[in-house]
Amino acid sequence: MAPTATAAEQSQQHTKKAVGLAALDASGHLSPLAITRRSTGDDDVMIKILYCGICHSDLHSIKNDWKNAKYPMIPGHEIAGEVTEVGKNVTKFKAGDRVGVGCMVNSCQSCESCDKGFENHCPGMIFTYNSVDRDGTRTHGGYSSMVVVHERFVVRFPDAMPLDKGAPLLCAGITVYSPMKYHGLNAPGMHLGVLGLGGLGHVAVKFGKAFGMKVTVISSSPGKKQEALERLGADAFVVSKDADEMKATMSTMDGIINTVSANVPMAPLFGLLKPNGKMIMVGLPEKPIEVPPFALVARNKTLAGSCIGGMRDTQEMLDLAAKHGVTADIEVIGAEYVNTAMERLAKADVRYRFVIDIANTLDKAAAATTE
């Protein structure tokens with residue numbers, strides 16, 4: 001059972017010291033900060049963080065683009081590490097296990113959504129950072145040396161899955177896997193469109209191929225064609241700004257996973273779908289999207305959204321990814337490089353995910369700032 005507020009107050013002297021990379025204001029600049037983590041409760045798992053992926057939402061959060069930032073903020077929800085301690089009630093994990101933590105670290109654990117394994121739909125879902133846990137403490141993310149998490153929100157990395165290349169799957173992977181599963185876009189022979197070839201899109205291509213689907217990448221960047229086809233294994237590439245290429249692909253796709261965070265014209269994209277085709281939004285444009293009603297009504301099109309996935313599906317996703325060799329394409333960086341990485345991420349200058357080598361570089365970066 002999660003500790004109550006009173007229990008948390010009583011156990012302050014037993015908290016664990018840690019260090020993280022924190023944004024102190026909306027400039028988003030990250031610098032080392034000493035923090036405390038709660039002691040390991042009866043149902044908790046303590047994790048030494050080895051790697052943490054950098055998600056685009058981390059950049060939005062530290063810059064307060066969504067107007068909900070609480071500072072100081074330590075971002076990061078693509079956490080991979082090793083168990084160092086478990087509570088007395090923990091049965092799934094033991095010290096030394098290779099584990100991960102994604103976008104959430106708690107929920108009410110008793111509502112209908114939680115009971116069905118959809119903790120991501122819980123009204124009381126608690127995010128891995130920039131949130132308030134059930135004990136009243138602020139949550140801090142994976143750009144840090146260690147974390148303590150309720151065992152329900154910890155997943156096991158299969159032996160075949162490397163921690164660095166697997167870490168981004170805890171956000172990017174489940175974000176595209178879940179809608180493919182629940183909207184029926186995972187059957188061999190189906191035609192999947194992937195709009196946008198970034199951190200989410202490149203993983204969607206790989207899962208589509210793992211499911212035995214025909215995969216077409218839709219992008220506004222012609223320069224990404226070669227890497228889409230040769231590096232990621234897509235079957236086709238369509239330049240969204242090329243009217244002839246779009247016309248040639250009309251009414252051919254069973255579904256489209258829309259990963260872009262920019263506002264793009266929607267009507268031409270709906271034209272690519274077969275009758276009863278589905279457009280699933282997983283990107284978050286800053287402004288409301290415009291959807292001509294006729295684009296939906298004609299030929300029974302569907303527009304849907306999807307937000308990460310539950311813990312059962314996250315473990316299922318990791319296991320399937322390991323079986324088919326699906327990993328993220330990454331650039332491993334040191335903690336001292338994180339602010340430069342954020343500048344590059346803002347320019348989409350990464351193929352396709354930065355991953356911080358926390359274990360080997362965070363302490364050094366922290367020490368360098370105090371010398």
Side-chain angles (χ1 to χ4, degrees), residues 55-56 165 168-169 171-181 183-274 277-285 289 301 303-304 306 317 321 324-331 345 347-353:
C55 176
H56 208 283
K165 294 181 179 180
L169 299 182
C171 174
I174 187 60
T175 294
V176 298
Y177 176 87
S178 183
M180 292 171 76
K181 174 181 178 179
H183 288 280
L185 299 175
N186 59 355
M190 296 184 78
H191 186 185
L192 177 72
V194 176
L195 180 65
L197 195 61
L200 295 176
H202 90 286
V203 176
V205 171
K206 293 185 179 185
F207 273 120
K209 295 309 297 179
F211 287 133
M213 305 173 76
K214 176 183 178 181
V215 179
T216 296
V217 172
I218 310 157
S219 174
S220 61
S221 304
K224 292 185 177 181
K225 181 175 183 178
Q226 183 175 359
E227 57 193 276
L229 300 178
E230 298 180 8
R231 177 173 171 176
L232 300 175
D235 299 284
F237 186 91
V238 174
V239 179
S240 58
K241 297 178 180 179
D242 188 313
D244 291 336
E245 289 190 15
M246 291 287 284
K247 183 177 180 180
T249 318
M250 285 186 66
S251 301
T252 64
M253 298 178 183
D254 296 285
I256 295 173
I257 301 293
N258 184 342
T259 74
V260 300
S261 296
N263 289 82
V264 297
M266 297 293 286
L269 298 171
F270 282 109
L272 303 181
L273 294 170
K274 296 177 182 178
K278 300 176 179 181
M279 164 88 71
I280 315 299
M281 298 284 297
V282 294
L284 293 171
I289 58 175
K301 308 293 174 63
L303 174 63
S306 182
M317 176 274 303
H324 292 278
V326 174
T327 59
D329 288 13
I330 65 171
E331 180 178 333
L345 179 60
K347 302 173 184 176
D349 178 23
V350 58
R351 296 291 184 271
Y352 286 93
R353 208 59 150 195

With a 4.5 Å limit on heavy-atom distance, are the side chains of [X] and [Y] in contact?
{"X": "I289", "Y": "N263", "answer": "yes"}
{"X": "P168", "Y": "V203", "answer": "no"}
{"X": "F270", "Y": "L303", "answer": "yes"}
{"X": "K301", "Y": "L269", "answer": "no"}
{"X": "D235", "Y": "M213", "answer": "no"}
{"X": "E245", "Y": "V238", "answer": "yes"}

* Are R351 and D329 close enough, and set up right, to give a side-chain contact (heavy atoms from CB on, under 4.5 Å), and what steps lead you there? -> CA-CA 7 Å; R351 296 291 184 271; D329 288 13; 5.9 Å; no
Do you know the tightest heavy-atom contact between [X] and [Y]?
{"X": "V282", "Y": "S306", "answer": "CG1-O, 3.9 Å"}
{"X": "A234", "Y": "L229", "answer": "O-CD2, 3.4 Å"}
{"X": "A204", "Y": "M180", "answer": "O-CE, 4.3 Å"}

Let me confirm one number: the [atom1]-[atom2] distance from [X] to [Y], rounded to the nearest 0.5 Å.
{"X": "T216", "Y": "H191", "atom1": "OG1", "atom2": "NE2", "value": "2.5 Å"}
{"X": "L197", "Y": "E227", "atom1": "CG", "atom2": "CD", "value": "6.0 Å"}
{"X": "K165", "Y": "T327", "atom1": "NZ", "atom2": "OG1", "value": "5.0 Å"}
{"X": "F237", "Y": "L232", "atom1": "CZ", "atom2": "CG", "value": "10.5 Å"}
{"X": "K278", "Y": "L185", "atom1": "NZ", "atom2": "CG", "value": "6.0 Å"}
{"X": "I330", "Y": "R353", "atom1": "CD1", "atom2": "CZ", "value": "11.5 Å"}

Practice prompt. Please assess D254 against L192 for the test side-chain contact (heavy atoms from CB on, under 4.5 Å), listing each intermediate value before the final yes or no.
Written response: CA-CA 6 Å; D254 296 285; L192 177 72; over 6 Å; no
Polar side-chain atom of [X] near backbone of [Y] as donor-acceptor pair, under 3.5 Å:
{"X": "H183", "Y": "I280", "answer": "no"}
{"X": "T175", "Y": "C171", "answer": "yes"}
{"X": "H202", "Y": "G199", "answer": "yes"}
{"X": "S221", "Y": "G223", "answer": "no"}
{"X": "T259", "Y": "L195", "answer": "yes"}

Does NZ in K274 sit with more than 12 non-hydrogen atoms of other residues, nucleotides or ligands closer than 6.0 Å?
yes
For side-chain contact (heavy atoms from CB on, under 4.5 Å), just list the numbers for V217 and K224, CA-CA rounded to whole Å, side-chain angles, deciding distance to a tenth of an Å, and then say yes or no. CA-CA 9 Å; V217 172; K224 292 185 177 181; over 6 Å; no
### Task
Apply the test side-chain contact (heavy atoms from CB on, under 4.5 Å) to residues M190 and F211: give CA-CA distance (whole Å), side-chain angles for both, the deciding distance (0.1 Å), then the verdict.
CA-CA 9 Å; M190 296 184 78; F211 287 133; over 6 Å; no
